[in-house]
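In what follows, every heavy atom counts, from backbone to side chain, and hydrogens, waters and symmetry copies are set aside.
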Amino acid sequence: MNLLATLLLAGIAAPIVEEYIFRGLISQRLTKAYGARIGLIGSSLIFGLTHLLNGVFDFWSAVQLIIAGTLAIMS
């Protein structure tokens, strides 16, 4: 049961909370204060920097962040 709970939290709950915080709160506030371009770029940079703090940053994690950021901007 612990594995199922972990999978649900890591695979469903965490991404929903991240989207709410970064695409909802941070992006909206930056957009309101500085415009759409700064809102999008700023929230994406904050999102990326937050994920850099996980302690693992090497070439492949940088590539993954760039790909994820590019896909997020395109969507």
Side-chain angles (χ1 to χ4, degrees):
M1 192 63 170
N2 288 336
L3 178 61
L4 179 60
T6 301
L7 290 174
L8 287 174
L9 284 173
I12 297 172
I16 290 171
V17 171
E18 282 185 351
E19 286 296 317
Y20 175 73
I21 291 171
F22 290 101
R23 303 275 184 249
L25 300 176
I26 294 172
S27 179
Q28 287 178 6
R29 290 188 181 181
L30 288 174
T31 298
K32 193 174 192 179
Y34 304 105
R37 180 171 289 176
I38 298 298
L40 179 64
I41 293 169
S43 65
S44 296
L45 286 173
I46 293 169
F47 179 84
L49 289 171
T50 301
H51 286 83
L52 288 177
L53 300 176
N54 68 3
V56 178
F57 187 67
D58 57 11
F59 176 76
W60 291 113
S61 61
V63 169
Q64 291 171 355
L65 282 172
I66 291 167
I67 292 170
T70 302
L71 292 173
I73 289 172
M74 294 172 57
S75 62

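- Here ring pair (Phe, Tyr, Trp, His ring centres under 6.0 Å) pairs that include residues 2-24, with residues two or more places apart or in two chains, are F22-F47.
- Here the CD1 atom belonging to I21 is positioned 12.5 Å from the OG atom belonging to S43, to the nearest 0.5 angstrom.
- Both L4 and I16 are part of a single hydrophobic cluster, where members link through side-chain heavy atoms under 4.5 Å apart.
- Annotation: salt bridge (charged side-chain N to carboxylate O under 4.0 Å, His left out) contacts of E19 (sequence neighbours excluded): R23.
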Using a 3.5 Å cut-off and no angle test, enumerate the donor-acceptor pairs between side-chain atoms of residues 27-41 and protein atoms at least two apart in sequence or in another chain.
from: T31; atom 1: OG1; to: S27; atom 2: O; distance (Å): 2.7

